[in-house]
2 protein chains.
Amino acid sequence: MYRDAHVGEAPVGGAAFALPASCAGCPVRSSAICCVLDDSGLTALSRLGRRVTLAAGETLLWEGEEAVTVGNVLSGMLKLSTLTGDGREQIVGIVHPSDFIGRPFGKDSPHSATALTDTTLCVFGRAAFDRFAREHAVIGQALLERTLTELDRARHWMLLLGRKSACERVASLIVEIADRADDGPAIDLPLSRQQMGDILGLTIETVSRSLTRLKRAGIIALPSLRRIAINRPGELRAIAEG
Amino acid sequence: MYRDAHVGEAPVGGAAFALPASCAGCPVRSSAICCVLDDSGLTALSRLGRRVTLAAGETLLWEGEEAVTVGNVLSGMLKLSTLTGDGREQIVGIVHPSDFIGRPFGKDSPHSATALTDTTLCVFGRAAFDRFAREHAVIGQALLERTLTELDRARHWMLLLGRKSACERVASLIVEIADRADDGPAIDLPLSRQQMGDILGLTIETVSRSLTRLKRAGIIALPSLRRIAINRPGELRAIAEG
DNA sequence: CGGATTTTTGATAGCAATCAACAGCGGTGG
DNA sequence: CCACCGCTGTTGATTGCTATCAAAAATCCG
């Protein structure tokens, strides 16, 4: 379906700057996992990394294939997804800028990672990163805290997938996106109906119908296709909670 | 619904044995997270721990409450579960002997932990354990690997909850239990129909009907209520994959 | 054995999937 | 400029699966 990602720029690193040149302008320097490193650690890690760009639709990791890369998302957004034997898709996570992506300490990738928008990443070879993480406990610690948070999130989503109605699922997704964006009463939808369905375990028709019902109830408005205005946040949250 | 767990035995530890007395007879000494510690580390950790017993049905951690304890399961089995606002339950994980339980580095417990059978644990105060883990990188590393595996498992389960039919879900659960037990063609079901439903996001009636269908198809047999014989593992797996 | 609980089976209803048609939007080219 | 086409999203009709409600059967336990 998608072709492999192409490498954007040449490997970075080289001389041991107090702050690596490649990191100085990094858009997620203060929030990505490497923010816990001191200058010498950052310099060492930057020698292992290189920038990669993906166009929307390109896949960085394939489910079941050997997971050779890990890294940080600098800009853009990716989906993590798995397929049933007959091709039904479920999105199991969305990866945002400053999030870590990939599966350290494991041979095969348990799911695919595909760019939803044009994306830039700072990637490392998994083996080299694993070694680095074992030698720099502070990275392991940071990775642990992020992984624990991701696990909480995944388990919380299991409640949605296992027990919530279509409307409750859609309301939950809107609340989640609104909480993350936090920019006023209207939010930009970065997802197509198909992608919303794949996240929520629903078909596009059911997503659309649920949105229409929330709109007709006056709880939200849909000023444009990719925009949602939340008129009654309290009611929306109440529906989302189930 | 359930009352708080009661403390089983007095705190353990004391003199710095080469191997702590309390750990010498530990049933999961070679497989729990502490197996990565050397004798001095084990001695230090054992000073923080105490044994706790839970009767089936008792709850160790409550969703949303402050998570004051973490620990290892020595024997028995627990469920991790969350509730919707109106009381629908979803089991988000099963914890077995030698598994780690609790949420280090976080204030509140994201889900409840309730004993499915009589259970014994070796528990630590969370704050003390967090401090210990930060000082002993090897524990943090081991915790990270376990957490990554749990995250993979949770995400794989999201595919089941989001996209699989009732029969596929039941087949998947049987396959998973069979793989873990790995004791011949017939497996002991450690779960009631209600618990199976809460794990699979189904009602008890639908679980029962799915089992009947698999039985009528000759793929499994149900020699007793809590026992399943797998007649055609290949077909069962094919159904489970979706 | 008897009563409580769990499980199975049956009948029905409701929700979401499926199949199908239509509307809105953007881009292309005549 | 506007007709046409492809794509995404909405709406409608119908089907099918699972939940719900109800009752019978099996199992457990004293």
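Letters A, B, ... mirror the listed sequences (proteins, then strands); counts begin at 1.
Using modelled atom types, one side-chain atom of D118(B) and one backbone atom of A56(B) make a donor-acceptor pair closer than 3.5 Å.
Ion pairing of R103(A) with E66(A) is absent here, as no side-chain N (NZ or NE/NH1/NH2) approaches a carboxylate O to less than 4.0 Å. Using a cut-off of 4.0 Å between Lys/Arg side-chain N and Asp/Glu carboxylate O, E65(A) and K107(A) are scored as not salt-bridged. Electrostatic pairing of E168(B) and R88(A) counts as a salt bridge here, judged by a charged N lying under 4.0 Å from a carboxylate O. In this structure, R237(A) pairs ionically with D179(A), as a charged nitrogen and a carboxylate oxygen lie closer than 4.0 Å. Salt bridge K79(A)/E89(A): present, at least one basic N to carboxylate O contact under 4.0 Å. With respect to R226(A) and D188(A), no salt bridge is recorded, no charged nitrogen being found less than 4.0 Å from a carboxylate O.
In terms of position along DNA chain C, the nucleotide closest to R216(B) lies nearer the 5' end than the nucleotide closest to the other residue of the pair C167(A) and R216(B). Mapping R163(A) and L222(A) onto DNA chain D via the closest heavy atom, the residue that lands nearer the 5' end is L222(A).
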- Message: Run the side chain to side chain contact (heavy atoms under 4.5 Å, CB included) test on E63(B) and S109(B) for me, step by step, so that the C-alpha distance in whole Å, both residues' side-chain angles and the decisive distance to 0.1 Å come before the verdict.
- Response: CA-CA 5 Å; E63(B) 179 177 5; S109(B) 178; 6.0 Å; no
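dT6(C) atom P lies 17 Å from atom CG of L211(B), rounded to whole Å. L225(A) has its CG atom 11 Å from the P atom of dG24(C), to the nearest Å. Whole-Å rounding puts the R193(A) CZ to dA23(C) P distance at 19 Å.
Listed in residue order, the members of residues 194-210 of chain B having a heavy atom less than 4.0 Å from DNA chain C are E205(B), S208(B), R209(B).
When DNA chain D is scanned in the 5' to 3' direction for atoms under 4.0 Å from non-hydrogen atoms of chain A, the outermost contacting nucleotides are dG9(D) to dA13(D).
Comparing the axis of the opening five pairs of the helix from dC1(C)-dG30(D) to dG30(C)-dC1(D) with that of the closing five pairs yields an angle of 30°, rounded to 10°.
Within 6.0 Å of CZ in R146(A) there are more than 12 heavy atoms belonging to other residues, nucleotides or ligands.
For dC15(C), the OP1/OP2 oxygens have no side-chain nitrogen or oxygen of S165(A) closer than 4.0 Å.
Counting only N and O atoms by type, the side chains of K164(A) and S172(A) include a donor and acceptor under 3.5 Å apart. Residues T59(B) and S112(B) bring no donor and acceptor atom of their side chains to less than 3.5 Å of each other.
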